[in-house]
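Let me begin by presenting the structure, written as structure tokens, before commenting on it.
Values reported hereafter were calculated over all heavy atoms of this structure, with side chains retained and with hydrogens, waters and symmetry mates removed. In what follows, chains are A, B, ... by sequence order, proteins preceding strands, each numbered from 1. It should be emphasised that the depicted structure is a prediction, and the values quoted were computed from it without experimental measurement.
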There are 2 protein chains.
Amino acid sequence: MSLEHALLGFLSYSPMTGYELKQHFDQSIYHFWNANLSQIYPALSRMKEEGLLTMEVEHQEDRPNRKVYTITDAGREALQRWLVTPLPPGQVREAWLIQIFFAHFQSNDEIVSLLEARMDAMRARLAVCRTEIQAAIDQNAAQSGVERASQLWQITLDYGIAHYETQLAWLEQTLARVRKLPPLTPPKP
Amino acid sequence: MSLEHALLGFLSYSPMTGYELKQHFDQSIYHFWNANLSQIYPALSRMKEEGLLTMEVEHQEDRPNRKVYTITDAGREALQRWLVTPLPPGQVREAWLIQIFFAHFQSNDEIVSLLEARMDAMRARLAVCRTEIQAAIDQNAAQSGVERASQLWQITLDYGIAHYETQLAWLEQTLARVRKLPPLTPPKP
DNA sequence: CGAACCATGTAATTGGTTACATGATTGT
DNA sequence: ACAATCATGTAACCAATTACATGGTTCG
């Protein structure tokens, strides 16, 4: 359902093709939601069948025809309704924590390696938020008339930044903690 | 894959039935990974076929027979290998942030409501971590011989606590920010 | 008297990822 | 020469959720 509503959201700005929608996903909400083209195209067809969108074909000679989707009144209503409906919070799923949980037969160094690998990944993501996405927001904010939208975008980015900062803080702290853990009494089998 | 390895992890403690495994999921790692019985039972059969587990039937008269699964050497090796393999960090998926992102036509009050609903949910989860799961860990730690395991469990719980605290801090801060947002210039259509 | 516990599963559906397929144009 | 951009899709697969099915025992 979320994918569909994100598509409606972008199409509420202006009519677009599936390809362009994908670019919007990549450029603005990638840090908390992503979608593949192979997911977007069938979703658009479905939504057209449901009357949430209309489609017009723009003929092109050299490349495949562009299919430009436009949101309908029914689509706007569906979006509107969804936007004010609180969603049940999803189940947390952090597979790497399973590794920590069952690491009692691993050496402290092995656990440290896992944590360090994760730190690298989290640092990289934090950097993307701070540079690329921030730049996109700033550029967008410069064009006036969209201040409210820019501020909401910034709010979601700040969520991402806070999230990754927490991850890193926790990892740092856990690293110190694991280094001090008494080593395993029975050595590895 | 993670489900399978979590099952191997619990079975590395002692042989168990699918039903008992589910209880372990619910009591110790629910805050970062969960599984349904309808997922666990077929997974166990599969893993038995793959030679990671063996199974023995305990006959019972009044209830369905218990199928007790035991980890094999191959299972221990597979677990061991997985436990030291860094996992690629998963894509963040926070559907409710889509709602914030596209809320520029919603009133500030409507956005505030969404945030407050989420705050309630996050407070509830934080409370579960601080009370129920903490109690389970403390109880487990009291039985000596498992200190290392208890400490790793505590580490994963502290992750959960830090996560929910960050959520709440961000929500609090965002609430204040949204209340100050200049209201929408064009009133709702 | 109904809910929760014990104990097993299958089937259907949903949502997402990966692989496959096509093909011209533009930039390095 | 090779990768990236534009532009569309289909098909297979995987993981997780929900619904369905069965049925006795114990607790409030």
| note | Side-chain atoms of B:Ser38 come closest, of C:dA11, D:dC6, C:dT17, to C:dA11
| Atom NZ of A:Lys22 and atom P of C:dG16: how far apart are they, to the nearest Å? | 13 Å
| message | By nearest atom, which of the nucleotides C:dT10, C:dG9, D:dG9 is closest to the A:Lys67 side chain? | response | D:dG9
| Is the closest side-chain donor-acceptor distance between B:Arg118 and B:Gln167 under 3.5 Å? | yes
| Whole-Å gap separating P (D:dC6) and CD (A:Glu58) | 15 Å
| message | Starting the side chain at C-beta, find the nucleotide from D:dA7, C:dT17, D:dT10 nearest to A:Gln39. | response | C:dT17
| message | Nearest whole Å is fine: how far is C:dA7 P from B:Met16 CE? | response | 13 Å
| said: Using every non-hydrogen atom in the two residues, find where A:Phe25 and A:Leu3 come nearest and quote the distance to one decimal. | reply: CZ-CD1, 3.9 Å
| According to the interplanar angle, ranging from 0 to 90°, do the rings of B:Tyr13 and A:His104 count as parallel (below 30°), tilted (30 to 60°) or perpendicular (above 60°)? | tilted
| field | d(NE2, A:His59; C1', D:dT8) in whole Å | value | 14 Å
| Rounded to the Å, how far apart are B:Tyr41 OH and C:dT8 P? | 4 Å
| field | Distance, rounded to the nearest Å, where A:Asn65 contributes CG and C:dA24 contributes P | value | 15 Å
| message | Can you confirm whether more than 12 heavy atoms, excluding those of B:Glu56, are under 6.0 Å from its CD atom? | response | no
| task | Have a look at A:Gln23 and say if it touches a base, only the backbone sugar-phosphate, or nothing, with a 4.0 Å heavy-atom cut-off. | result | sugar-phosphate
| Selected nucleotide, minimal atom distance to B:Tyr19 side chain, candidates C:dA11, C:dC5, C:dT17 | C:dC5
| Should B:Ile161 and A:Trp96 be regarded as members of a common hydrophobic cluster, given that ILVMFWY residues are connected when their side-chain heavy atoms come within less than 4.5 Å of each other, either directly or indirectly? | yes
| Starting at CD of A:Glu56 and ending at P of D:dT8, how long is that distance when rounded to a whole Å? | 14 Å
| said: So which atom in A:Gly18 and which in A:Leu37 form the shortest heavy-atom distance, rounded to 0.1 Å? | reply: O-CD2, 3.9 Å
| Proximity to the side chain of B:Pro64 - top-ranked nucleotide from D:dA11, C:dA7, C:dC6 | C:dA7
| Selection: residues 24-37 of chain A, any non-hydrogen atom under 4.0 Å of DNA chain C | A:Trp33, A:Asn36
| field | side-chain hydrogen bond (donor to acceptor under 3.5 Å, both in side chains) between B:Gln134 and B:Gln154, intermediate numbers included | value | CA-CA 8 Å; B:Gln134 189 61 61; B:Gln154 183 70 54; 2.9 Å; yes
| Is B:Gln60 touching bases, backbone alone, or none of the nucleic acid, heavy atoms closer than 4.0 Å? | sugar-phosphate
| query | Any donor-acceptor pair under 3.5 Å joining the side chain of A:Thr17 to the base of D:dT8? | reply | no
| message | Let me spell it out: for each of B:Val68 and B:Gln91, pick the nucleotide of DNA chain C with the closest heavy atom. Which residue's pick is nearer the 5' end? | response | B:Val68
| B:Arg93 or B:Gly18, whichever maps to the more 5' nucleotide of DNA chain C | B:Gly18
| Atom-to-atom span, CD of B:Glu4 to P of D:dA15 - whole angstrom | 7 Å
| task | Determine, using ring centers only, whether B:Phe102 and A:Trp82 are less than 6.0 Å apart. | result | no
